[in-house]
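Let me begin by presenting the structure, written as structure tokens, before commenting on it.
Note that the coordinates shown come from a computational prediction; the quantities given were computed from them, not determined experimentally.
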Amino acid sequence: MKVFKNVNAYVENKGVIKTDISFEDKITGFSADKSGEIIEIPEDAAVLPAFIDTHVHGAGGADAMDGSREALSVIAETLAKEGTASFLATTMTQSPENIVRALSAVKDYMAAAPDTGAKILGVHLEGPFIAEKFKGAQPLEYVAAPDIKVFEKYNEAAGGAIKIVTMAPETEGAEDFIKYLAKNHIIASIGHTAAKYADVERAVAAGAKNVTHTYNAQSPLHHRDIGVVGSALLIDGLQTEIIADTIHVSVPALKLLVKNKPADKVTLITDAMRAKGMPDGESELGGQKVFVKNGEARLADGTLAGSVLRMNAAVRNMVLKAGVPFERAVDFASLNPAKELGIADKKGSIAPGKDADFTVLDGEFNVLMTIRAGKIIYRA
């Protein structure tokens, strides 16, 4: 048994309060177990539910597309440093062989169930079922039309662990594909797409639930057709991912999203690549050279190529720059993704019976500690 004693904690349905928290691998309650090991933290620190990143490609010099358990371990260890205790290993548009190799590595890693670093909850398959016009930093030669049989091969390689699929709903075969995903309880996410409002309407009717990195790599808001951006703002039921680094998305755009969406329909993601946690300089994404400078990762032609954003920085930006209340910003990185993935009964908030997944932040949003299933996986 471990104990946080008389700490500031963000407790489900109570807000930030002074409390004790006792826990093993699960949270046992809000009284101090006298036999428990007391976890010391500074007076001004706050105990929060650990973050969940549903869209992250890499970190620490490793990428999910490297296709190895070693690479996934590096990513998991690096994400723990930013308060993230669980994540979806995110693939990208690549050759079928490379995608299968990456997914097989995730399957093997999850089967091994290491208790160090952040936990892999499954896979976010970003591409190849996207639109050429909005491919972003994804290689054009591997862009493909939605194909259920191809997807089944991918999901088999992943051991059935694919949780989210980013796809373009205007492409041929997309509607049937979305219905298939919905039937199998996999989230169809609208992204890398030139879809018009009518396309998004059809996609939502077919079962699409999410918008991939809202504003980025999608048809913009226009007064004659509101595109994907306008649809994301208008349709309450759509969950909206957002990269809150103030590079991919401006501060006014962050404010606009928060103002228009229900509080549980915004999810902070990092969309980070292997350069996260590494010095500035040359990196790589999907076989393409990426140049990182001052927090920006770009291809040689200037296209934004993922991010080097840390989740605690995303929360900080939402609070200090977008003016979001602290508890709500934390929900964007914890409870909301847990709800989206259907695991809010286990993760995403601090309540008895839930997994003992915590992040401890100081007053400057720096991560002092990350705990997963009661085990300290990072300490500053």
Indicate every side-chain donor-acceptor pair of residues 73-82 with a distance under 3.5 Å to a residue at least two apart or in another chain.
from, atom 1, to, atom 2, distance (Å)
Glu77, OE2, Thr116, OG1, 3.2
Thr78, OG1, Val74, O, 2.8
Glu82, OE1, Lys276, NZ, 3.1
Glu82, OE2, Lys276, NZ, 2.7
Glu82, OE2, Met311, N, 3.1

Measuring from atom CD1 of Ile27 to atom CG of Asp357, what distance do you get when rounded to the nearest 0.5 angstrom? 8.0 Å

State whether a side-chain donor-acceptor pair under 3.5 Å links Thr90 with Glu126. no

Check this for me: does any side-chain nitrogen of one of Lys346 and Asp355 sit under 4.0 Å from a carboxylate oxygen of the other? no

Asp301: what forms a side-chain contact (heavy atoms from CB on, under 4.5 Å) with it, not counting sequence neighbours? Leu299, Thr303

Gap between atom CZ of Arg298 and atom CG of Leu285 - 0.5 Å precision: 14.0 Å

Just jot down the side chain to side chain donor-acceptor pair (under 3.5 Å) partners of Thr193, sequence neighbours excluded, or say none. Glu170

Can you tell me how far apart CG (Leu309) and CG (Asn317) are? Round to the nearest 0.5 Å. 7.0 Å

Sequence neighbours left out, what passes ring-ring contact (aromatic ring centres under 6.0 Å, His included) with His57? Give chain and number order. His55

Not counting sequence neighbours, which residues clear side-chain contact (heavy atoms from CB on, under 4.5 Å) with Lys107? List them please. none

Strictly by ring-ring contact (aromatic ring centres under 6.0 Å, His included), give each pair with a member in residues 11-37 just once, sequence neighbours left out. Phe4-Phe23, Phe23-Phe358

For Lys293, check salt bridge (Lys or Arg N to Asp or Glu O under 4.0 Å) against everything at least two apart and list the hits. none

Not counting sequence neighbours, which residues clear side chain to side chain donor-acceptor pair (under 3.5 Å) with Tyr154? List them please. none

From Asn6 CG over to Ile38 CD1, what is the distance, rounded to the nearest 0.5 angstrom? 10.5 Å

CG/Leu254 to CE/Met318 distance, rounded to the nearest 0.5 angstrom? 4.5 Å

We want to know whether Ser22 and Thr28 form a side-chain donor-acceptor pair, criterion being a heavy-atom distance below 3.5 angstrom. no

Asp199: which residues meet the side chain to side chain donor-acceptor pair (under 3.5 Å) condition with it, sequence neighbours left out? Arg202

Please identify each residue that fulfils side-chain contact (heavy atoms from CB on, under 4.5 Å) with Glu37, with sequence neighbours left out. Lys2, Ile39

So if I apply the side chain to side chain donor-acceptor pair (under 3.5 Å) rule between Thr166 and each of Thr212, Asn210, Thr93, which one comes out positive? Thr212

For Glu156, side-chain contact (heavy atoms from CB on, under 4.5 Å) partners two or more places apart: none

In terms of side-chain heavy atoms, does His124 have a donor or acceptor partner in Thr54 at a distance below 3.5 Å? no

My understanding is that only residues two or more places apart in sequence, or in another chain, count here; which of them pass ring-ring contact (aromatic ring centres under 6.0 Å, His included) with Phe129? Phe177

Within a reach of under 6.0 Å around NZ of Lys347, are more than 12 heavy atoms found that belong to other residues, nucleotides or ligands? yes

